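Atom set for the values below is all heavy atoms of this structure, side chains included, hydrogens, waters and symmetry mates excluded. In this text, all values refer to a predicted model and were calculated from it rather than measured experimentally.
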Amino acid sequence: MRLESVVFAATGTHPGLNADGRRLLALFAGARGGGLSVAEIAAELALPPSTTRILVADLIGLGLMTLAQGHDDERPPASLIERVLHGLRAHA
């Protein structure tokens with residue numbers, strides 16, 4: 001998951017979450033249905049980006065958050081990277 005990936009939180013109460021999970025979901029209370037980037041969440045919670053990525057991934061796994069479509073699918077296909085690499089090697 002990239003730092004610029006945008007996530008959305010589910011609404012309602014979520015008993016059983018740890019303190020960081022509750023703090024993260026509380027960020028969305030004022031978002032009015034809008035999303036936040038992983039980087040924004042890390043900054044607001046004063047957590048390292050790597051920790052934030054893990055926390056967000058856990059909440060997505062629990063169905064409490066969703067990842068905006070398209071953000072992690074923007075990588076070029078592996079076949080394109082292989083063709084570019086082959087072309088670069090041919091010119092070296």
Side-chain angles (χ1 to χ4, degrees):
M1 174 179 322
R2 298 177 180 180
L3 288 176
E4 67 270 16
S5 297
V6 176
V7 293
F8 297 87
T11 57
T13 59
H14 312 289
L17 280 182
N18 63 26
D20 286 332
R22 288 191 305 272
R23 287 178 49 221
L24 190 156
L25 292 177
L27 293 176
F28 290 87
R32 298 184 187 190
L36 294 171
S37 72
V38 175
E40 290 173 305
I41 294 168
E44 286 291 324
L45 297 180
L47 291 173
S50 57
T51 302
T52 305
R53 286 181 179 144
I54 293 168
L55 182 58
V56 168
D58 287 348
L59 293 176
I60 289 172
L62 292 171
L64 300 176
M65 299 190 83
T66 58
L67 183 64
Q69 295 297 318
H71 285 278
D72 281 348
D73 296 333
E74 293 175 357
R75 294 182 185 176
S79 60
L80 174 61
I81 294 172
E82 289 172 3
R83 289 190 313 227
V84 169
L85 183 58
H86 178 71
L88 291 171
R89 287 181 179 153
H91 291 294

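Between Phe8 and Ala68 the shortest heavy-atom distance is CE1-CB, 3.7 Å. Among all heavy-atom pairs drawn from Leu67 and Ser5, the shortest one is CD1-CB, 3.7 Å.
Two residues are said to be in side-chain contact when any heavy atoms from C-beta on lie closer than 4.5 Å; Val56 and Leu24 meet this criterion. Side-chain atoms of Val7 and Phe28, non-hydrogen and from C-beta on, do get closer than 4.5 Å to each other. Within the 4.5 Å cutoff, no side-chain heavy atoms of Leu36 are placed close to those of Val6.
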Only distances under 3.5 Å count here; give the side-chain donor-acceptor pairs of residues 39-52 to other protein atoms, sequence neighbours excluded, each with its distance to 0.1 Å.
unit_1	atom_1	unit_2	atom_2	d
Glu40	OE1	Ser37	N	2.7
Glu40	OE1	Ser37	OG	3.3
Thr52	OG1	Pro48	O	3.1

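Atom CD1 of residue Ile54 and atom CG of residue Asp20 lie 11.5 Å apart, to the nearest 0.5 angstrom.
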### Query
Passes side-chain contact (heavy atoms from CB on, under 4.5 Å), Val38 versus Arg53? Steps please.
CA-CA 7 Å; Val38 175; Arg53 286 181 179 144; 4.0 Å; yes

